[in-house]
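Structure, as structure tokens:
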Amino acid sequence: MNPANDKNYRERVYEIVRKIPPGRVMTYGQLAEILGEGYTPRTVGYVMHGADTENVPWQRVINSQGGCSTAKMTMPVNLQQGILESEGVVFNEKGKCALVTYLWFPEGYEPEEDQQPSLLE
DNA sequence: AACTTGACGAGGG
DNA sequence: CCCCTCGCCAAGT
């Protein structure tokens, strides 16, 4: 697909993000992998930056380390982390949450037993 | 058309 | 654990 003129390029990302349940998260890389060709973690981040905060639970997309990449932008208080915490996600003192606990996989993309994220806490 | 900039991520030191 | 490099690709200059 030709990303350049495809308005749905962004919509394809939001479509999945809207399905993430409260209190659960997905990573940029995870979304890129599911979307496939033309998408990379970086472009997914770019798309999320322009997300309609009213209709997309943008706060549920974090980086592969379990932290919020918006930390520097919302200084001194990280808005994203705050919202996630209000949804029940617990972050440690370094601003990381346990992906093993909160990572969410869309139907049909559940990980294999042996490749579960082995991260944090 | 060339160059730069990211809400990224894997790999190496 | 921290820091750096490099690949990635849409957008803006």
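Proteins get letters first, then strands, A, B, ... in listed order; numbering begins at 1 in each.
When each of C/dA10, B/dA7, C/dC8 is scored by its nearest atom to the side-chain atoms of A/Thr40, the top-ranked nucleotide is C/dC8. In this structure, the nucleotide among C/dG12, B/dA7, B/dG9 sitting nearest to the side chain of A/Tyr46 is C/dG12. When distances are taken from the side chain of A/Arg10 to each of C/dA11, B/dG9, B/dA7, the shortest belongs to C/dA11.
B/dG6 atom P lies 17 Å from atom CG of A/Asn63, rounded to whole Å. Going from atom CG of A/Leu99 over to atom C1' of B/dA10 covers 15 Å, rounded to whole Å. Taking atom CG of residue A/Leu79 and atom C1' of nucleotide B/dA7, one finds them 12 Å apart after rounding to whole Å. Remark: C1' of C/dA10 and CZ of A/Arg12 are 15 Å apart, rounded to the nearest angstrom. In this structure, the NZ atom of A/Lys94 is 7 Å from the C1' atom of C/dC1, given to the nearest Å. Rounded to whole angstrom, the span from the CG atom of A/Leu35 across to the P atom of B/dC8 amounts to 16 Å. If you take OH of A/Tyr39 and C1' of C/dA11, they are 15 Å apart, rounded to a whole angstrom. The distance from atom CD of A/Gln80 to atom C1' of B/dC8 is 13 Å, rounded to the nearest whole Å.
In this structure, A/Tyr28 reaches the bases: a heavy-atom distance under 4.0 Å links it to at least one base atom across the strands shown.
Judged purely by atom type and a 3.5 angstrom limit, A/Glu110 uses its side chain to pair as donor or acceptor with the backbone of A/Gly108. Without hydrogens or angle criteria, A/Asn92 side chain to A/Lys96 main chain gives a donor-acceptor distance under 3.5 Å.
One finds the CD1 atom of A/Ile20 at 11.5 Å from the CZ atom of A/Phe105 (value rounded to the nearest 0.5 Å).
Within the structure, side chain to side chain donor-acceptor pair (under 3.5 Å) pairs that include any residue of residues 16-33 of chain A comprise A/Glu11-A/Arg18 (at least two apart or interchain).
Across A/Tyr39 and A/Arg12, no two heavy atoms sit closer than the pair CE1-NH2, 3.3 Å.
Between B/dC8 and A/Ser69, a contact under 4.0 Å exists linking OP1 or OP2 to a side-chain N or O.
Applying the side-chain hydrogen bond (donor to acceptor under 3.5 Å, both in side chains) test to A/Thr101 and every residue at least two apart in sequence or in another chain returns nothing.
Projected onto DNA chain B by closest heavy-atom contact, A/Ile62 and A/Thr43 fall at different nucleotides, the more 5' of which corresponds to A/Thr43.
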Under 3.5 Å, N/O pairs linking protein and nucleotides 3-7 of chain C:
none

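A continuous path of Ile, Leu, Val, Met, Phe, Trp and Tyr side chains, each step under 4.5 Å between heavy atoms, connects A/Val47 with A/Leu35, placing both in one hydrophobic cluster.
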